[in-house]
Amino acid sequence: MARGGCELGGGGRPLSRLVVVSNRIPTARPASFAGELEVPVGGLASAVLAALRGSRGSLWFGWSGSASGAGLLRPPKRVFFGGVEVVGLDLTATEVADYYHGFCNDALWPLLHCFQGRVNLRIEQEACYRAVQRRFAAALRPLLRPGDLVWVHDYHLFLLAGELRRLGWKGPIGFFLHTPFPPHDIWTLLLDPRGFLEALLDFDLVGFHTRSSLDNYVYCCLRLLGARRKGERLALRGRVQRAGVYPIGIDPREFEPPAERPRGGRRGGELVKVVRGRRLLLGVDRLDYTKGIPERILAFEELIRAHPEWEKKVSLVQIASPSRTAVPQYLEQRRLIESLVGRVNGELSEHDWVPIRYLFRSYPRERLARFYRDADVALVTPLRDGMNLVAKEFVAAQRPEDPCVLVLSRFAGAAEDLPEAVLVNPYVPADTAEGIARALAMPLEERCERHRALLARVLRGTADEWGRRFLADLAAVAAAARGPAAQGLFARLAQG
Ligand code: ADQ
């Protein structure tokens, strides 16, 4: 690819084709937008698309988003968008219920984010998850060509490499986990923690957002499987895998402020008008219990109670995009947020002040970028998050001469990447409230200084760079596996 995988062959060798596999894929937009992709809201799709952009001849394979009766499954549907071939596989209604809503969203998602009490494991759903991996592999295998680099994404497809190997695919397969990888005690909640880890070892390269996730993964492999570690490599019974940290980024150009400065400064922005020129705290998230939205509302309430000087001078705008609406825990979360907004507004509102505005909807990126610029304080306070791209989008969108302050959860992967943010513990509303108070009072000079450092990091660690680094390492692992050096290393590791 122009800025990623497809040029990796280099040196006159044929270029590798990049094959991305993820649960959800972009779909075709209505005819009026022919040739454009409808990208699902969420971090994975936006980042993968940025990594693929400009690539020629790559393939993106996943679930089409449609469900049909078991006897009515259509063959995989292929569409082409600007050089990317997108192939979508239908699932049956039972698979959608048991694999996607069930095992993926109701068991793996809370488990990976350390929400032990929310983990809902069912034997039949785990069996369905395994069956879907087999179906994905069977549909994908005939599409693979020698020389392809296969890059699998996220927890929906933990077992895919093993299934592809069983079908005879010997080429390189990489895996990137977009969520955190949990500590050993939490991982062992799975019905088959060893089996899942062994399956992960079938990938040639696995990548995580953070050092903590990598450490958790390596510890699990050593402790549960007796794997051996040498530098970045893990070995177990004839298999050698490389594991590393690849922090995901954004495409900062999508959020860059326009060259001309707004008339009347940023005080003229749409959201600033909505809060009538008051200081603006802004939260933008998928509606998910990992994002800490209720805790953020409590932190806002705490701010007003502990710092009455901010009463009527600051408003919180919380934008939450609808997500996984078929899962009962998400509906519950929505109700909880609505009732908290209602209670806090009921208790704090004045005739001329609405403390919290809550918008349950999605916005196009350009509009989000303008909203980000309207904010005085960006509130990115997930209880746990693999990375959190919104934090990086906020940074990229700011005007350097008058940037907002980023208040960031210590439990977002982004905290490893963006240490100049004001870091808070989102489980403790009083701690978040103090972080917000600091941010609101921060002098312009300090705001600019922190923002300069944050922006430099966001511009260095883009989605492009993330894709390029991961795929270069995958190509290197594949090349090494064929060379004598790798054979020697493999033999040494395998013998211990
Ligand atoms: P998500 O959990 O979806 O991603 P995040 O990284 O914050 O979380 O990405 C959310 C994306 O959705 C952002 O690009 C944001 O702009 C967009 N979005 C959020 N609210 C929106 C709204 N109201 N309207 C329109 N767009 C909205 C998962 C992991 C993360 C990891 C990413 C990428 O959970 O930890 O950072 O994948 O690996």
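We count ligands from 1, going down the list as the structure has it; atoms in each ligand are counted the same way.
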Verify the ring-centre separation between [Y] and [X]: is it less than 6.0 angstrom?
X: Phe181; Y: Trp187; result: yes
X: Tyr289; Y: Phe115; result: yes
X: Trp63; Y: Phe136; result: no

What atoms in ligand 1 come closer than 4.0 Å to a heavy atom of [X]?
X: Ile319; answer: 23 (N)
X: Tyr372; answer: 16 (O)
X: Trp109; answer: 34 (O)
X: Leu368; answer: 16 (O), 25 (C), 26 (N), 27 (C)
X: Val390; answer: 7 (O), 15 (C)
X: Gly386; answer: 35 (O)

Option with minimal heavy-atom separation from atom 30 (C) of ligand 1, where the choices are Val284, Asp385, Asp288 |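 The nearest heavy atom belongs to Asp385.
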Please verify whether a non-hydrogen atom of Tyr246 lies at under 4.0 Å from ligand 1.
->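 No.
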If you measure from each heavy atom of Thr179 to ligand 1, is any distance below 4.0 Å?
->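 No.
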Return a yes/no value for Lys291: is any of its N or O atoms, backbone included, closer than 3.5 angstrom to an N or O of ligand 1?
->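 Yes, there is a polar N/O contact under 3.5 Å.
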Might you point out which heavy atoms bring Ala415 and Ser409 nearest each other, and give the distance in Å?
->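 That closest heavy-atom pairing would be CB-O, 3.5 Å.
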Sort out for me which residue in Val317, Val272, Leu282, Val274 forms a side-chain contact (heavy atoms from CB on, under 4.5 Å) with Phe371.
->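 By the side-chain contact (heavy atoms from CB on, under 4.5 Å) criterion, Phe371 pairs with just one of Val317, Val272, Leu282, Val274: Leu282.
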With backbone taken as N, CA, C and O and side chain as the heavy atoms from C-beta onward, which portion of Ile248 lies under 4.0 Å from ligand 1: side chain, backbone, both, or neither?
->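 Just the side chain.
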Indicate, as side chain, backbone, both or neither, the part of His209 found under 4.0 angstrom from ligand 1 when only non-hydrogen atoms are considered.
->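 Near ligand 1, His209 shows its side chain, while the N, CA, C and O stay back.
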Given Phe203, which of Tyr217, Trp151, Phe175, Phe158 fulfils the ring pair (Phe, Tyr, Trp, His ring centres under 6.0 Å) condition?
->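 Result for ring pair (Phe, Tyr, Trp, His ring centres under 6.0 Å) with Phe203: Phe175.
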For ring-ring contact (aromatic ring centres under 6.0 Å, His included), just list the numbers for Phe176 and Trp466, CA-CA rounded to whole Å, side-chain angles, deciding distance to a tenth of an Å, and then say yes or no.
-> CA-CA 11 Å; Phe176 187 82; Trp466 165 76; 5.2 Å; yes
Could you walk me through whether Gln329 and Asn105 pass the side-chain hydrogen bond (donor to acceptor under 3.5 Å, both in side chains) test, one step at a time?
-> CA-CA 10 Å; Gln329 295 199 30; Asn105 287 343; over 6 Å; no
